[in-house]
Every structure is written in C-alpha cells, then in structure tokens.
Amino acid sequence: MRKSLALLLTAVTLTALLIIPVKAEDARSDASFSYTAPQADTVSVSGTDKVYRVGEGGMTLKKAFSSAPVDGTPVTILLTESVNYGDRLTVPAGANVTLDLNGCRMKYKSATARACLYVNGRLTVVGNGTIENSLFATGAHGIVVNAGGVLDVRGGTVFVYGGNAIHIVRGRLESISGGAFTSMLGDCISCTGSVGSITGGGFSGKRAIVLYYGARAERLEDGIFRASSCSLHVKTGASVGRIGQATFQTQTGSSYTVNNSGTIDVIDGATVNCMRGTGAIVNYGYIKEMKAVSVTMVSQTRGSGCGVFNARGQVDSMDVTVTANTIGVWNKGGTIGRLTGSVVSDHGYGVYQNYGGSITELNMDVTSYNRACIRNVDGSRIDTVSGGRLIADRENRRYADARCIAIYNMSGAEIGKIDGVQVTSHGACIGNSGGVIREIAGGDYNSEAKTVVNINGGRIYAVTGGTFNVPYDAGIIG
C-alpha cells in the first residue's frame, strides 16, 4: 500500500512540474515584447512536388518531417490545424522543406528540453501562424540552424520562454522579411554562423541579436530590435556588413543598445534609443562609417553614461544626431576621423574626449545646457574644429566655469585649428587651461563674459581670423 501511494505521489509531482504557469497568450500581451508585423501569404511556395497536410489522414508533424526527401526535391508541410507535440523535428541534410503555418500553431510540449525545430537542410517558413516552445529551459529554443542548414523566414511568429527564438550554430539564416520573434528570457537571435539579410520583422529578447566570434551578418536593413539588455551585440571577431534603417531599443536598466567589439562596415539611417540605460552606442572595435544615425539617450541618472561611446575603438566617419540628458559623444582613448551632425544635451558635455583620444575633424552643431559643448582633455587631440554652431546656454556662470564654456581645452590636450564656428556662450567661447591651441583662424564668437580665456600655463599660438563681440586680451597669445 505504501509503495503504491509513493508511486502515485511521484506521478502527481512530475505532472505538476510540467504545468506552465503562464499562458503563452498572456506572456505575448506584455507591451515590452509586443510587435505586430505584416505577415506573408499563407499559401505554400509554388513548384513543390508534394504537400504533407498535417492533421489530415493521420499525418503528424513527425511523420511529415521524416518523410521529406533528401535529394533536394521541394516539399511543403502544411498545417491544417494547431498541434501540440513532443517529438524531435528535424529538416535532414539535403531536404528542401517549406513549412506553411497556415494560421495555425505548433507548440512543443515535453519534459525533454529541446528546440521546436532543427534545421540541417533547407527550411522556408511562410504563413501567419506560430511556432512556440512551452519550456523555460535555456536549451528550449525555437529554431536551431546547424552547420549546413539554411533558414528563410517570410512571416509568422516564433515565441519561446527560456531559449533563443532562432539559434544559429554555424548554419545560415538566409533571410527574414517579416514576422515577430520573441524570447522572454533568452536571446532572440543568437549566431555563430551567418545572416544574409533582415529586411523586416520585430525581434525581442534579453539581446535582440548577438553575433559571436566568426559570425557575420551581411545586411540588417530594417526591423525593430528590442531588448532588456542589448539590442545588437557584435562580439570580438564578428562582423556586420550594413545596417540600414533599422530601429534598436533597450528598456529600463539595460546596458548599451548597440555594443560593437567587432567590425561594422556602415550604419546608414538607423535609429538607436536607450531608455534609462548606460549608453545608446558603444564601440570597442571598428566602424568604418556612420551616417544619418539618430540617437536618443535617456540615462537613469542625469549626466551619467553617453549617447555614443567610442571606447578605444576606431570610427572613420561619424555623422550622428544625438539627443541626450548626459554626454552626447564620448571618445575615450579612441580614434574618430570626421565627426559631424548635431548634439543637444541638457546635462552633459556635447562632445567629450579624454585618455589620449584623437579626432581628425569636428564639425557639429552642439547645444549644451549644463556643460561645455566641446571638452578636450588628458593629452587628447583635435586636428581641426572646422565649423558648426555651438551654444553653451547656462546663465549666471563665471567665465572659467567648465559647465558654460563652448570649447574647453585643458590638461595637455591640443587643438590644431579652430575655424568657421559660430559660438554663443554665457561663459567663455574658448577656454584653454593648460592645453595647446595652435591657431584660431576664423569664426564668430559671442560671449556674455569673455570670448577667449587662456589660463594655467596654456598656449594659444596664433589668432589669424574671427570676429569677437568681446575683445580678447592680446597678451594671452604667443
């Protein structure tokens, strides 16, 4: 009797462990992870030789995938009804399968933590249905693409709890053109292989997309990438060819929205938003070109963090529009070729450079309501400030206050040439404290205090042009 009771209690306990306490529908209604995207047509791809209709005539998912030929002959697996299953489903090497979700849901439910689908051949997903994994385990992925496998997604929804929505293990994600992809606890897309193109869709997870060493994403043209930690993480040895007009967002308490330690060829027209995190874009690696990039940075603590943080990295050309409540662009020991665009900061430096950083040319419109528009310190160098409108808009501050100087050069830092700028400042237009300015060649300087200040052993070698509403002391030159 005791033995029978023990067996009964064990069975009840195991059954309870398998109960999922949160309904998938309820989880997907969380606004932080919601996304509605245009879906692909539900019709199967034309030209296929055979259609396996799951739910009719005894056809199951397992039987359909097991029946796919491995000689490259195209076949379609069509869902005619929503199904729960616990089998391991694999697209075998050499198979060419189109999975038509047809508005239905296939939900993996089992005590064994595994992915909904494994791709060793070629899989194309169409339709506006759902692929869902009900388990909270880290290995409970949505779709796993192994070496030699190719995945093409044209619509639908992939929803998982503990694993990654799409897990690429040396395989290839050929393209995603639409759909919604969510991991509640894991990464949305994790890749050690390659990504061809993403031209649409919504992506949510701890990280929306992470590329590991050796991985490459060729084109991230469009889509909304949302994350609780980091929207795009390019690790050392990974690379991205082109980022187009995609949107990257992070939530409260995140770190960086876009984090690059690898190589990015071009970011063209992207929008990057960091809400109460550490920074919008951080670069430890190499970015060849950033153009027309829009950045919004709302730090959890005003004045802490930055919009764009080049941390000993290299950016050949940076054209950004930054709105921040902290530092706009921070070059910490890194190298920036040409820096253009605009910064508006209500509680931080517009452009801040330290630890021996280098900027070849700076031409930005910068408005700072609490700090200097441009601050260059610690042996850093700006070859040329070639233009832009600088507004240091803080009232009732004395001229030597770093918080209201438009261009503040100090502590062994150097500026080669200043020319073409239009400066309005409640404090000094140019403050040089222990630094070197080779030449002030032109510009329009308007100050309520002093236009040019040189203190603490600084050197200003020459003033050869420019207009000054308050005459500077000629004795500070030379």
Side-chain angles (χ1 to χ4, degrees), residues 306 310-312 327-339 343 345 348-364 366 368 370-388 390-392 394 397-447 449-466 468 470-478:
C306 57
N310 189 44
R312 306 190 188 281
I327 297 171
V329 177
W330 183 357
N331 187 36
K332 183 178 180 180
T335 300
I336 299 175
R338 190 165 192 264
L339 178 57
V343 173
S345 174
Y349 304 111
V351 177
Y352 180 42
Q353 180 170 237
N354 64 349
Y355 286 96
S358 173
I359 299 173
T360 302
E361 180 184 3
L362 195 160
N363 188 330
M364 297 192 87
V366 181
S368 178
N370 192 266
R371 304 285 181 183
C373 294
I374 300 170
R375 189 179 191 211
N376 191 42
V377 301
D378 298 338
S380 300
R381 176 177 173 82
I382 301 173
D383 289 354
T384 304
V385 180
S386 62
L390 308 179
I391 301 175
R394 173 90 178 204
R397 293 290 179 180
R398 59 191 178 86
Y399 70 86
D401 192 331
R403 287 176 291 187
C404 64
I405 295 176
I407 302 174
Y408 195 26
N409 189 58
M410 60 183 293
S411 304
E414 181 173 342
I415 298 176
K417 184 179 181 180
I418 302 174
D419 190 8
V421 293
Q422 299 180 37
V423 181
T424 302
S425 178
H426 285 290
C429 293
I430 299 174
N432 189 45
S433 175
V436 172
I437 298 176
R438 296 289 174 180
E439 181 183 9
I440 301 174
D444 184 16
Y445 303 91
N446 296 277
S447 172
K450 293 187 177 183
T451 49
V452 182
V453 176
N454 190 49
I455 58 177
N456 296 330
R459 296 289 301 274
I460 299 176
Y461 283 88
V463 177
T464 59
F468 304 85
V470 178
Y472 59 88
D473 182 358
I476 68 175
I477 310 302

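The basis for the numbers below is simple: all heavy atoms, side chains too, and nothing from hydrogens, waters or symmetry mates.
Distance check, rounded to the nearest 0.5 Å: OH of Y352 to CD1 of I374 gives 14.5 Å. Between the CD1 atom of I382 and the CD atom of Q353 there is a distance of 5.5 Å, given to the nearest 0.5 Å. Interatomic distance, CG of N409 versus CD1 of I418, reported as 7.5 Å (0.5 Å rounding).
For Y472, the ring pair (Phe, Tyr, Trp, His ring centres under 6.0 Å) criterion is met by F468, not counting sequence neighbours.
Listed by first then second residue, pairs satisfying salt bridge (Lys or Arg N to Asp or Glu O under 4.0 Å) with a partner in residues 349-362 read R338-E361, not counting sequence neighbours. Counting only residues at least two apart or in different chains, salt bridge (Lys or Arg N to Asp or Glu O under 4.0 Å) contacts with residues 430-439 comprise E414-R438.
Between Y349 and S368 there is no side-chain heavy-atom pair separated by less than 4.5 Å.
Nearest heavy atom pair, residue D378 against residue A413, reads N-CB, 4.4 Å. Heavy-atom minimum distance, I405 versus A392: C-CB, 4.1 Å. Closest approach of V343 and M364 over heavy atoms only: CG2-CE, 3.7 Å. Looking at every heavy atom in both residues, S380 comes nearest to G356 through OG-N, 3.2 Å. Heavy atoms only, all atoms of each residue included: V377 and M410 are closest at CG1-CG, 3.0 Å. In terms of heavy atoms, D383 sits closest to T360 at CB-O, 3.0 Å.
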side-chain contact (heavy atoms from CB on, under 4.5 Å), that's the test. Do I437 and I407 meet it? Break it down for me. CA-CA 11 Å; I437 298 176; I407 302 174; 5.8 Å; no
Under the side-chain contact (heavy atoms from CB on, under 4.5 Å) rule, what do I430 and Y445 come out as? Steps first, then yes or no, please. CA-CA 9 Å; I430 299 174; Y445 303 91; 3.7 Å; yes
Dump the intermediate steps for side-chain contact (heavy atoms from CB on, under 4.5 Å) on V436 and Y461, then the final yes or no. CA-CA 8 Å; V436 172; Y461 283 88; 3.6 Å; yes
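For the 3.5 Å distance criterion, the side chains of Q422 and D444 fail to qualify, holding no donor opposite an acceptor. In summary, the side chains of N446 and T424 do not present any donor paired with an acceptor at a separation below 3.5 Å, with no hydrogens or angles considered.
For Y355, the OH atom is loosely surrounded, since the number of other residues' heavy atoms within 6.0 Å does not exceed 12.
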